[in-house]
Amino acid sequence: MSIFRRRKADAETTVEAESAVHADTDLDAGLEADASNEAASEDAVTETVPDVPIDRSSGPFDAAEVDDDDGRLDLGALRVSGTEGMELRLEIDQEQQNVIAATAVVGESALQLQAFAAPRSGGLWAQIRSEIAESIEGQGGTADLAYSELGTELRTRMPSAGPDGRTVFAPARFLGVDGPRWFLRGVISGRGAIDEAAAAPLLEIFRETVVVRGSDPMAPRELLPLALPQEEAAPMPPAPDGETAPTSTDDLNPFERGPEITEVR
């Protein structure tokens, strides 16, 4: 039986690598670039960094490629498989009452999942990858390309001030897959960002994820709507008197955490 509990993200519930990153870090500033900038970025990336082809026959999947009732947890635009010991945290925009991301936590590692609308021509990951790298490097971090069965990845180290005033670096591993009119992004943080064994169950979760694009017209890079599981669809309770409810200020920032709902499997 699944157990749900509501809670707010704080230093105690945040994976260590995530807590080392400033909340106002805009890793995805380029996600709001206009169409002309997108085209220019895509041309530049294509010339310098060719993508490694990915075989999607083993996932991530489009909704048309799998059965509807397949045991995955239905989160609207995403259907997610579980694994032993996994917690699934749903990050909520308190002001809009929208689910903005799903984060699978296994041990000391976490995988944030978000899906976006994409053009029919594809190629969104190449653009976004370049923009994320530029943003991180501009803040003194590092961003390196890596290649795997999931195609081209971006492995980063983000600088921040440690408790003793020294600069510390939080690792993160960005995954991206272009599907039919959608783009799925995953961000691995914690131990899984540097340890392949720790990353293995999260990579399997990413690979098993199903994206439900829907037929509604959407602008490229628009976040596909997520939803609470049916049994947990009640509105978030108001904050206690005298307290201000936290609000996510950047739906596309993988290190910006909001209120959470956790399923323990």
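Fair warning: this is a prediction, and the values are worked out from it, not measured in the lab.
Follow the hydrophobic side-chain contacts under 4.5 Å out from Leu73 and you never reach Val212; the two are in separate clusters. Val66 and Phe206 fall into different hydrophobic clusters, where Ile, Leu, Val, Met, Phe, Trp and Tyr residues are linked whenever their side-chain heavy atoms come under 4.5 Å apart, directly or through other members. Hydrophobic cluster membership differs between Leu175 and Phe61, with clusters built from Ile, Leu, Val, Met, Phe, Trp and Tyr side chains linked at under 4.5 angstrom.
For the pair Ile132 and Leu154, the minimum side-chain heavy-atom distance is below 4.5 Å. Leu88 is not listed as a side-chain neighbour of Thr103, based on a closest heavy-atom distance of 4.5 Å or more. Side-chain contact between Ile128 and Phe183 is present, with at least one heavy-atom pair separated by less than 4.5 Å. Considering only heavy atoms from C-beta on, Val177 comes within 4.5 Å of Arg56 through its side chain. When side chains are defined from C-beta on, Pro229 does not count as touching Asp74, because their heavy atoms never get closer than 4.5 Å.
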task = Any chance you could lay out the side-chain contact (heavy atoms from CB on, under 4.5 Å) test for Val106 and Leu202, step after step, and finish with the verdict?
result = CA-CA 7 Å; Val106 179; Leu202 300 178; 3.8 Å; yes

key: Full working for side-chain contact (heavy atoms from CB on, under 4.5 Å) between Leu111 and Val187   = CA-CA 5 Å; Leu111 167 69; Val187 185; 5.9 Å; no

ask   = How far apart are the C-alpha atoms of Ser81 and Thr209, what are their side-chain angles, what is the distance that settles it, and do they pass the side-chain contact (heavy atoms from CB on, under 4.5 Å) test?
value = CA-CA 7 Å; Ser81 292; Thr209 297; over 6 Å; no

task = Before giving the answer on salt bridge (charged side-chain N to carboxylate O under 4.0 Å, His left out), spell out for Arg173 and Glu196 the whole-Å C-alpha distance, their side-chain angles and the decisive distance to 0.1 Å.
result = CA-CA 11 Å; Arg173 182 174 172 179; Glu196 289 293 336; 3.4 Å; yes

inquiry  = Under the criterion side-chain contact (heavy atoms from CB on, under 4.5 Å), I'd like the reasoning laid out for Glu204 against Thr83: C-alpha separation, chi angles, the key distance, then a yes or no.
reply    = CA-CA 9 Å; Glu204 184 65 19; Thr83 189; over 6 Å; no

inquiry  = Go through it in stages, so that I can follow the logic: the residues are Trp182 and Phe116, the test is ring-ring contact (aromatic ring centres under 6.0 Å, His included), and I'd like the CA-CA distance, side-chain angles, deciding distance and then a yes or no.
reply    = CA-CA 6 Å; Trp182 53 258; Phe116 305 88; over 10 Å; no

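Among all heavy-atom pairs drawn from Ala104 and Ile205, the shortest one is CB-CD1, 4.1 Å. Here the shortest heavy-atom pairing between Ala117 and Leu224 reads N-CD2, 3.7 Å. In this structure, Pro220 and Pro119 approach most closely via the heavy-atom pair CB-CD, 3.9 Å. Taking every heavy atom of both residues into account, Phe174 and Arg185 meet most closely at CD2-CD, 4.5 Å. For the residue pair Glu149 and Ile54, the shortest heavy atom distance occurs at O-CG1, 3.6 Å. Annotation for Leu226 and Ala102: closest pair CD1-N, 4.1 Å, computed over non-hydrogen atoms.
Checking side-chain atoms of Arg72 against main-chain N and O of Leu75 turns up no donor-acceptor pair under 3.5 Å. Side-chain N or O atoms of Arg207 include none that pairs as donor or acceptor with a backbone N or O of Pro60 at under 3.5 Å. At least one donor-acceptor pair under 3.5 Å links the side chain of Asp178 to the backbone N or O of Trp125. Looking at Asp67, its side chain never comes within 3.5 Å of a backbone N or O of Asp70 through a donor-acceptor pair. Between the side chain of Gln97 and the backbone N or O of Gln94, at least one donor-acceptor pair lies under 3.5 Å. A donor-acceptor contact shorter than 3.5 Å links the side chain of Glu222 to the backbone of Ala219. Side-chain atoms of Asn98 never come within 3.5 Å of backbone atoms of Ile100 as a donor-acceptor pair (strictly under, hydrogens ignored).
A cation-pi contact links Arg157 to Phe169, judged by a cut-off of 6.0 Å to the six-membered ring centre and 45° from its axis.
With values rounded to the nearest 0.5 angstrom, Leu90 atom CG is found 10.0 Å from Leu78 atom CG. Between Leu184 atom CG and Asp62 atom CG the span is 11.5 Å, to the nearest 0.5 Å. Within the model, atoms OG of Ser109 and CG of Leu203 stand 10.0 Å from one another, a figure rounded to the nearest 0.5 Å.
A salt bridge links Glu153 with Arg155: at least one charged nitrogen is closer than 4.0 Å to a carboxylate oxygen. One finds no salt bridge joining Glu208 and Arg79 here, because no Lys/Arg side-chain nitrogen approaches an Asp/Glu carboxylate oxygen to under 4.0 Å.
A 6.0 Å sphere centred on CD of Glu134 holds no more than 12 heavy atoms belonging to other residues, nucleotides or ligands.
For the residue pair Glu137 / Thr142, no side-chain donor-acceptor distance below 3.5 Å is found, with atom types taken as modelled. Side-chain contact of Gln112 with Arg89: a donor-acceptor pair under 3.5 Å is absent, judged by distance alone.
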